[in-house]
Amino acid sequence: MKVLETSFLVDYLNEQSYTLDYLNANAEAEYAVPTIALYELYAGAIRSDATSETIATVAEALDWANSVAFTDSAAREAAMIRATLRDRGQPIPTPDMLNAGIARAVGGELIAIDEHFAQIPDFDFYNPRNI
């Protein structure tokens, strides 16, 4: 499963060509969007000045992917990620830790642009913009 993180999805919604190239190259993959990422995207749509950006348009644009919830298992994984990174003096933003926890809990590969995900040990992360 490929878990699509907010940074990738923002670029997808802004029609960055590399996102479509990546999705087309992996057309057979199962895609999931963490509910934490959905929250971030919906919050951005609400605050946007563009009348074309609404919760409904974001939801419609991503209707091809399944949503994956922040579960107890994801909370445990995120807590372990947080502790490890803080012990190393390498904290990352809380929503990113939560999204990483979801990806790890479902055994998925996190697809994201933010390179700080590479700091997470034993974590399946891919940045398609670095192709």
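Annotation: the span from I113 atom CD1 to N130 atom CG amounts to 7.5 Å, rounded to 0.5 Å. Taking CG from L4 and CG from L110, the interatomic distance works out to 8.5 Å, rounded to the nearest 0.5 Å. The OG atom of S67 lies 11.5 Å from the CD1 atom of I36; values are rounded to the nearest 0.5 Å. Atom CG of L41 sits about 12.0 Å away from atom OG of S48, to the nearest 0.5 Å. The CG atom of N66 lies 6.0 Å from the CD atom of E30; values are rounded to the nearest 0.5 Å. The line from CD of Q90 to CG of L85 is 6.5 Å long, rounded to the nearest 0.5 Å.
Residue pairs meeting the ring-ring contact (aromatic ring centres under 6.0 Å, His included) criterion with at least one member in residues 46-78, sequence neighbours excluded: Y12-W64, Y31-W64. Sorted pairs that involve residues 71-101 and meet ring-ring contact (aromatic ring centres under 6.0 Å, His included), not counting sequence neighbours, are lacking altogether.
Listed for the T6 side chain is no donor-acceptor partner under 3.5 Å among the backbone atoms of E40. In this structure, the side chain of R76 does not engage the main chain of A105 through any donor-acceptor pair within 3.5 Å. For N127 (side chain) and R129 (main-chain N/O), a donor-acceptor pair under 3.5 Å exists by modelled atom type. For the pair Q16 (side chain) and Y18 (backbone), a donor-acceptor distance under 3.5 Å is absent. The closest donor-acceptor contact from the side chain of T84 to the backbone of M80 lies under 3.5 Å. Using a distance-only test at 3.5 Å, with no hydrogens or angles considered, a donor-acceptor pair links the side chain of N24 to the main chain of L20.
Cluster annotation: L62 and L98 are assigned to distinct hydrophobic clusters (Ile/Leu/Val/Met/Phe/Trp/Tyr, side-chain heavy-atom contacts under 4.5 Å, transitive). Cluster annotation: M97 is not connected to F8 through the hydrophobic network of ILVMFWY side chains, with a link wherever side-chain heavy atoms come within less than 4.5 Å. Follow the hydrophobic side-chain contacts under 4.5 Å out from V106 and you reach F117 in the same cluster. Tracing side-chain contacts under 4.5 Å through hydrophobic residues (I, L, V, M, F, W, Y), one never reaches V10 starting from Y39; they form parts of separate clusters. In the hydrophobic cluster analysis, where Ile, Leu, Val, Met, Phe, Trp and Tyr join through side-chain heavy atoms closer than 4.5 angstrom, Y22 is grouped apart from F125.
Proximity of H116 to P91: side-chain heavy atoms (C-beta onward) are nowhere separated by under 4.5 Å. F123 has its side chain out of reach of E109: every pair of non-hydrogen atoms, C-beta onward, lies at least 4.5 Å apart. Contact of the D114 side chain with the E5 side chain is registered, since non-hydrogen atoms from C-beta on lie closer than 4.5 Å. K2 is listed as a side-chain neighbour of N26, based on a closest heavy-atom distance under 4.5 Å. No side-chain heavy atom of T35 sits under 4.5 Å from any side-chain heavy atom of V68.
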Test side chain to side chain contact (heavy atoms under 4.5 Å, CB included) on R104 and I81; report intermediate values, then the result.
CA-CA 10 Å; R104 187 174 272 170; I81 291 167; 3.6 Å; yes
Stepwise side chain to side chain contact (heavy atoms under 4.5 Å, CB included) check, I92 with I120
CA-CA 10 Å; I92 64 175; I120 302 171; 4.2 Å; yes
Pair V3, N99 - check side chain to side chain contact (heavy atoms under 4.5 Å, CB included), show working.
CA-CA 9 Å; V3 180; N99 283 324; over 6 Å; no
